[in-house]
K.L.:
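Submitted below is the structure of interest, expressed as structure tokens.
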Amino acid sequence: MEKNASPTKPQENTGLPAGYTPAAAESAWCEKWEQQKLHHYDPSRPRAETFVVDTPPPTVSGALHIGHVFSYTQTDIFVRFQRMLGKNIFYPMGWDDNGLPTERRVQNLFGVRCEPAVPYKEGYKSSGPKKDLKDYEHISRRNFLELCEAQTAEDEKRYEALWRRLGLSIDWRQTYSTVGEHCRKTSQLSFLDLFKKGFVYSAETPTLWDTTFRTAVAQAECEDREANGFFHDIKFQVQGGGDFIIATTRPELLAACIAVVAHPDDARYKHLFGKTALTPLFKVRVPIMPSEHADPEKGTGIMMVCTFGDIADVEFWRKHKMPMRQLISRDGRLNALTYVQEFLDSADLETAKNNYAQLAGLYAKQARNKTVELLRTEGSLVGEPRPTKQAVKYYEKGDQPLEFVPARQWYIRILENKPALLEQGKKVAWHPDYMYKRYEQWVEGLNQDWCISRQRYFGVPFPVWYPVDHEGNVEYANPIVAGAERLPVDPQTDCPPGYTEEQRGKAGGFVGDHDVMDTWATSSLTPMINSRWADDKTRHAALYPADLRPQAHEIIRTWAFYTITKSWMHENSVPWHNAGISGWVVSPDKGKMSKSKGNTITPEGLLQTYSADALRYWAGKAKLGHDTIYDESVFKVGMRLANKLFNASKFTMLQLKSPAAAGAKLGPADITEPLDRAWVEHLKGIVEASRKDFENYDYAAVLLYVETAFWDFCDNYLELVKNRAYSGKPEAARSACAALDWTLSVFLRLFAPFMPFITEEVWSWSYAASTGRPSVHKAPWPSAAEMPSAAGDKLVLESARKMMEAIRTKKAAEKRSVKWPVARLAVECGPRQAAALKLALEDVLLAGCVDKAGVTLKEAASDETPLTATVELGAA
RNA sequence: GCGCAGUUAGCUCAGCGGUAGAGCAAUCGCCUUACACGCGAUGGGUCACAGGUUCGAAUCCUGUACUGCGCACCA
């Protein structure tokens with residue numbers, strides 16, 4: 001026979017009323033809340049009563065995963081608490097749908113590439129995904145953008161459905177999409193404002209470049225990846241005699257060498273400073289110079305500077321105003337053969353040409369191998385390459401190393417404003433507080449201004465044109481910016497003031513800026529997008545700065561930092577008063593859950609299996625900032641808790657036929673029995689703590705002890721008093737019912753932020769009517785002041801609990817059922833406890849099936865004497 | 001190299017000066033006028049290590065070792 005199988009009841013009995021299934025009930029509540037406008041923001045109420053959330057707009061690129069459920073639920077839990085405090089909640093939702101993730105998704109889904117030169121096709125339809133890259137259809141920019149918009153609109157519908165199903169208490173009238181008109185307008189207005197204030201500039205300078213996506217990227221979007229590289233020892237000749245050996249991991253950059261440097265104090269190389277070296281293969285004359293950034297301990301102590309291997313090369317090149325020998329082109333290949341003649345100062349042009357001819361057009365990695373081969377042939381390679389571990393910079397979404405490539409880009413001035421930005425960061429309350437450290441460390445470590453232009457398509461264009469002079473040169477130094485009243489504009493289709501469309505791209509005419517903004521340039525404005533900074537001054541004043549920014553820790557360097565930056569630059573303000581930083585969901589092997597590992601979990605199935613309340617319970621158990629291991633057994637625990645809430649409520653309200661449930665008003669005055677008063681006293685403590693902890697963003701602590709208190713309530717207090725509640729003694733029963741009535745209303749409210757569905761369901765049975773609050777989610781957060789009755793003595797509860805424990809232990813040891821009679825019960829304890837116990841004795845005897853005649857109570861002299869109980873069971 | 005967080009029962013975690021806790025898992029039982037998706041009981045721990053402060057340290061301080069993350073360097 002199956003374990004736990006019941007001989008009298010069918011196994012499939014769920015304990016829930018017929019027809020009640022969590023999934024159906026939860027969906028029904030979603031609709032009801034929407035009809036009741038429960039989550040609507042009320043603009044007529046004052047700012048002081050309002051709580052504003054700067055919700056993260058999820059990237060719209062396919063599907064939401066369990067990590068989203070986790071962090072968005074945590075925010076919702078806190079928001080629901082605020083709502084129960086009586087706050088007017090502004091809780092919007094945005095969709096981050098512009099940028100590369102969408103472009104990539106659309107490319108793959110439809111088998112297309114954006115090719116701006118291709119003309120627009122009316123009513124274009126894709127023929128679906130393509131297996132081979134060469135089969136991809138090249139379509140116009142407008143067709144491409146149309147596909148992007150259609151695709152994201154569809155994804156957003158699915159996202160919204162999931163959020164509703166999860167019970168996020170969002171005001172669905174407050175939404176935005178980062179590529180929508182309002183965000184384009186806000187982003188462009190932001191650009192104009194920064195332009196006017198001098199915070200933004202354009203410059204043609206070496207910039208971090210992804211050769212696959214062929215766009216500039218910002219420092220914040222880079223990550224280091226460890227790679228196995230090789231040190232190559234290469235011999236350089238010194239003009240006028242002598243040689244030395246440099247060690248490099250990037251020999252393919254040899255043709256881009258502009259100098260050789262060693263530390264100024266390095267005795268080995270001091271005598272070479274001021275002389276000229278000849279590079280191998282190309283015989284290029286390069287100066288040998290002292291430089292502090294050369295480390296005598298590393299490699300051979302002398303190194304080559306190239307345009308450009310890393311940021312140090314860029315800085316050296318800039319500082320010494322060196323020539324530019326840009327070797328790597330925008331697609332990641334080495335320049336054409338003409339490079340040798342145009343850029344290299346070679347002492348042996350023929351040799352240089354012959355060698356370079358074998359490298360021109362190769363990708364950097366191929367060129368590396370070829371260069372090594374050539375060096376070996378020439379005899380300039382000393383020994384064999386030595387393996388080494390190195391960290392290589394990648395664009396976080398890319399799979400080829402980044403290069404530094406000179407290109408004209410727009411930048412926001414970060415470096416000179418670091419001190420102010422650090423100060424702004426300090427004005428925000430971070431939860432947990434140590435997350436400020438990450439912000440600080442990031443700001444301090446920045447070494448480049450924020451590059452905001454991207455050479456992509458699906459994004460917000462710059463509201464900028466450039467005049468073209470009579471020789472056809474574009475005058476980048478004299479940008480024409482759009483007037484604020486025209487925004488949003490698309491410089492590719494709109495005309496700058498004073499020009500006509502015929503003059504586009506012509507000498508004496510104009511060109512439109514062809515770039516789009518970094519996604520973060522828009523999402524850094526979310527508090528201002530929500531407040532309608534761009535077009536509604538009144539609303540902006542009411543909603544800005546926000547109260548809470550919830551977000552994950554890995555985007556402190558981007559989203560949090562950029563938002564703080566823009567708020568300071570535009571409004572000289574912090575964007576929000578609090579930053580709640582959520583942790584991650586990690587896989588059971590403690591790795592990050594990721595699509596590439598195939599261990600991401602889709603939430604829809606889990607919602608069906610476990611219910612939204614169960615998933616929310618899991619999210620609510622995790623503290624802010626703490627990572628959580630994905631563990632389905634916690635969903636089961638949550639499901640059980642919801643079930644228990646349901647059953648305990650059903651029992652109390654329907655089966656005990658509490659007078660309260662029948663409509664009678666029960667209040668503190670009805671709670672007369674000492675045991676009931678002791679319980680109420682105990683519960684008051686929990687209620688008080690919950691408010692304090694919640695206000696400190698420690699919702700997880702609240703859930704922990706409220707849950708414990710609830711199970712304790714069910715297993716001990718409820719078990720103790722249910723017999724009395726059934727009993728014929730009206731006053732004693734009334735006392736129990738009054739205590740139970742308040743207790744349940746407290747638990748339902750305490751659990752409501754975590755498990756909004758089951759609590760609302762139960763609340764609707766009678767509390768909605770008895771309290772005049774149709775929804776538990778707008779009922780007041782419980783407070784001890786609701787029960788002003790005289791303090792109960794908790795020792796009464798404690799003593800009763802100990803007695804029950806002794807009786808249960810005995811019955812378990814004897815393998816007897818709970819209702820097996822107790823023939824004799826001998827208790828010994830101090831006088832104070834004895835007095836307390838007497839007050840609850842009747843309930844204990846009833847619950848424990850104890851024969852009243854067999855009870856003896858011995859009072860010890862001292863209150864120090866602990867309570868001991870000797871139990872003897874009777875015959876059947 | 002610098003910084004932040006962590007190390008408590010088999011697992012996941014709470015506790016943050018006053019007798020080591022919970023859930024899950026394990027084991028043994030129990031149909032009990034809410035719930036067998038339930039209930040009761042049992043076993044299980046040098047609180048990473050070493051010093052110090054204290055009447056008293058898992059808790060405070062110092063150091064060490066691991067783990068995770070962030071930043072920097074990357075010839």
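Remember, predicted model here, so these are calculated numbers, not experimental data.
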K.L.:
Would you say the side chain of A/Asp224 and the base of B/rC73 hold a donor-acceptor pair, judged only by whether the two atoms sit under 3.5 Å apart?
P.N.:
yes

K.L.:
Indicate yes or no: does A/Asp310 engage A/Lys393 in a salt bridge with an N to O separation below 4.0 Å.
P.N.:
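Not counted as a salt bridge, because no side-chain N and carboxylate O are separated by less than 4.0 Å.
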
K.L.:
What interatomic distance, in whole Å, is found between P of B/rA34 and the corresponding atom of B/rG40?
P.N.:
14 Å

K.L.:
For A/Pro866, is there any backbone N or O sitting under 3.5 Å from a side-chain donor or acceptor partner on A/Gln833?
P.N.:
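Between the backbone of A/Pro866 and the side chain of A/Gln833 there is no qualifying donor-acceptor contact (under 3.5 Å).
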
K.L.:
Within the structure shown, what part of the strands sits under 4.0 Å from A/Lys393 by heavy-atom distance: base, sugar-phosphate, or nothing?
P.N.:
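Base contact - A/Lys393 has a heavy atom under 4.0 Å of at least one base atom.
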
K.L.:
Would you say the base of B/rA41 and the side-chain of A/Glu814 have a donor-acceptor pair closer than 3.5 Å?
P.N.:
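Side chain to base: no pair below 3.5 Å.
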
K.L.:
Stacking between A/Trp442 and the base of B/rC71 (centre distance under 5.5 Å, interplanar angle under 30°)?
P.N.:
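No, A/Trp442 does not stack on the base of B/rC71, since the centre distance and plane angle fail the 5.5 Å and 30° test.
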
K.L.:
For a quick test of reading the model: is some side-chain N or O of A/Lys644 closer than 4.0 Å to OP1 or OP2 of B/rC39?
P.N.:
yes

K.L.:
Specify the separation, in whole Å, of atom NE2 of A/His553 and atom C1' of B/rG3.
P.N.:
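Going from A/His553 (NE2) to B/rG3 (C1'), I get 16 Å.
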
K.L.:
Can you find a side chain N or O atom of A/Tyr705 that sits less than 4.0 Å from OP1 or OP2 on B/rC13?
P.N.:
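No.
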
K.L.:
Is the phosphate of B/rC71 approached by A/Arg438 (side-chain N or O, under 4.0 Å from OP1 or OP2)?
P.N.:
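The answer is no; no side-chain N or O of A/Arg438 sits under 4.0 Å from OP1 or OP2.
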
K.L.:
So, OP1 or OP2 of B/rA72: does either fall under 4.0 Å of a side-chain N or O from A/Gln219?
P.N.:
yes

K.L.:
Which value, in whole Å, describes the distance between the C1' atoms of nucleotides B/rA58 and B/rC24?
P.N.:
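These two C1' atoms come out 23 Å apart once rounded.
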
K.L.:
With a 4.5 Å limit on heavy-atom distance, are the side chains of A/Glu707 and A/Val637 in contact?
P.N.:
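The answer is yes, as the side chains (C-beta and beyond) meet within the 4.5 Å cut-off.
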
K.L.:
Can you tell me, in whole Å, how much space there is between the C1' of B/rU27 and that of B/rG63?
P.N.:
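About 43 Å, rounded to a whole number of Å.
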
K.L.:
Rounding to the closest angstrom, what is the interatomic distance between B/rA5 and B/rC60 at atom P?
P.N.:
12 Å

K.L.:
Report the residue (A/Ala247 or A/Arg557) whose heavy-atom-nearest nucleotide on RNA chain B is the more 5′ of the two.
P.N.:
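Its nearest nucleotide lies further toward 5', so the answer is A/Arg557.
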
K.L.:
Looking at B/rC39, I'd like to know if its phosphate oxygens (OP1 or OP2) sit under 4.0 Å from a side-chain N or O belonging to A/Arg808.
P.N.:
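For B/rC39, OP1/OP2 do not have a side-chain N/O of A/Arg808 under 4.0 Å.
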
K.L.:
Is the shortest side-chain N/O distance from A/Thr708 to OP1 or OP2 of B/rA22 below 4.0 Å?
P.N.:
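For B/rA22, OP1/OP2 do not have a side-chain N/O of A/Thr708 under 4.0 Å.
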
K.L.:
Using ring-ring contact (aromatic ring centres under 6.0 Å, His included) as the criterion, point out the one residue from A/Tyr562, A/Trp430, A/Tyr434 that pairs with A/Tyr439.
P.N.:
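Only match with A/Tyr439 under ring-ring contact (aromatic ring centres under 6.0 Å, His included): A/Trp430.
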
K.L.:
Between A/Glu440 and A/Lys437, is the closest basic N to carboxylate O distance under 4.0 Å?
P.N.:
yes

K.L.:
Give the ring-plane orientation class for A/Trp618 versus A/Tyr630, where under 30° counts as parallel, over 60° as perpendicular and anything between as tilted.
P.N.:
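Perpendicular.
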
K.L.:
Rounding to the closest angstrom, what is the interatomic distance between B/rU54 and B/rG1 at atom P?
P.N.:
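The answer is 35 Å between these two P atoms.
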
K.L.:
Contact class for A/Glu719 (heavy atom, under 4.0 Å): base, sugar-phosphate, or nothing?
P.N.:
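Contact class for A/Glu719: base.
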
K.L.:
How long is the line joining CD of A/Gln441 and C1' of B/rA5, in whole Å?
P.N.:
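Those two atoms, CD and C1', are 12 Å apart.
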
K.L.:
Between A/Arg250 (CZ) and B/rC74 (C1'), how many Å, whole number?
P.N.:
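After rounding, the gap between these two atoms is 12 Å.
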
K.L.:
Under a 3.5 Å distance rule, please check whether A/Asp313 uses its side chain to pair with a backbone N or O of A/Val305 as donor and acceptor.
P.N.:
no

K.L.:
Strictly below 4.0 Å, N to O, side chains only: are A/Lys319 and A/Glu315 in salt-bridge contact?
P.N.:
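Not counted as a salt bridge, because no side-chain N and carboxylate O are separated by less than 4.0 Å.
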
K.L.:
Near RNA chain B, which residues from residues 613-625 of chain A have a heavy atom under 4.0 Å away?
P.N.:
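Result for residues 613-625 of chain A: A/Lys623, sorted by number.
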
K.L.:
Given B/rA34, is OP1 or OP2 found less than 4.0 Å from the side-chain N or O atoms of A/Lys722?
P.N.:
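Yes, because at least one side-chain N or O of A/Lys722 sits under 4.0 Å from OP1 or OP2 of B/rA34.
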
K.L.:
Between B/rC13 and B/rU19, how far is it from one C1' atom to the other, in whole Å?
P.N.:
22 Å

K.L.:
Hey, could you give me the CG/CD1 distance between A/Asp693 and A/Ile686, rounded to the nearest 0.5 Å?
P.N.:
12.0 Å

K.L.:
Counting only heavy atoms not in A/Gln608 (residues, nucleotides, ligands), do more than 12 fall under 6.0 Å from its CD?
P.N.:
no

K.L.:
Using the rule ring-ring contact (aromatic ring centres under 6.0 Å, His included), only one of A/Phe747, A/Phe710, A/Phe694, A/Tyr617 pairs with A/Phe754; which is it?
P.N.:
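So the option named by the test is A/Phe694.
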
K.L.:
Between B/rU53 and B/rG44, how many Å separate the two P atoms, rounded to a whole number?
P.N.:
35 Å

K.L.:
Looking at A/Arg801, A/Arg724, A/Lys722, A/Lys729, which hits salt bridge (charged side-chain N to carboxylate O under 4.0 Å, His left out) with A/Asp843?
P.N.:
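Result: among A/Arg801, A/Arg724, A/Lys722, A/Lys729, A/Arg724 is the only option passing the salt bridge (charged side-chain N to carboxylate O under 4.0 Å, His left out) with A/Asp843.
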
K.L.:
Looking at A/Lys365, I'd like to know if its NZ atom is crowded, meaning that more than 12 non-hydrogen atoms belonging to other residues, nucleotides or ligands lie closer than 6.0 Å.
P.N.:
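Incorrect, the count does not exceed 12.
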
K.L.:
Please state the C1' separation for the pair B/rA57 and B/rU8 - nearest whole angstrom.
P.N.:
14 Å

K.L.:
Checking all strands, does A/His293 fall into the base, sugar-phosphate, or nothing category for heavy-atom contacts under 4.0 angstrom?
P.N.:
base

K.L.:
Under 3.5 Å for both distances, Watson-Crick or G-U wobble, that's the pair rule; now give the dot-bracket for RNA chain B, with | marking pairs to another strand and [ ] for crossing ones.
P.N.:
((((((((.[[[[.)..(..]]]].(((((.......))))).....[[[[[..)....]]]]])))))))....

K.L.:
Using a 90° cut-off around 0 for syn, call B/rU12 syn or anti.
P.N.:
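B/rU12: anti.
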
K.L.:
Nearest nucleotide by nearest heavy atom, which residue falls closer to the 5' end of RNA chain B, A/Ala812 or A/Arg640?
P.N.:
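With A/Arg640 and A/Ala812 compared, the 5'-side residue is A/Arg640.
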
K.L.:
Could you state the atom-to-atom distance from CD1 of A/Ile629 to C1' of B/rU12 in whole Å?
P.N.:
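Atom-to-atom, A/Ile629 to B/rU12, this comes out as 7 Å.
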
K.L.:
I need the residues from residues 302-317 of chain A with at least one non-hydrogen atom less than 4.0 Å from RNA chain B; give them sorted by number, or say none.
P.N.:
A/Met303, A/Asp310

K.L.:
Output yes when at least one side-chain N/O atom of A/Lys819 is less than 4.0 Å from OP1 or OP2 of B/rU32, else no.
P.N.:
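It does, given that an N or O in the side chain of A/Lys819 lies less than 4.0 Å from OP1 or OP2 of B/rU32.
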
K.L.:
So, is A/His626 close to the B/rA14 phosphate, meaning a side-chain N or O under 4.0 Å from OP1 or OP2?
P.N.:
yes

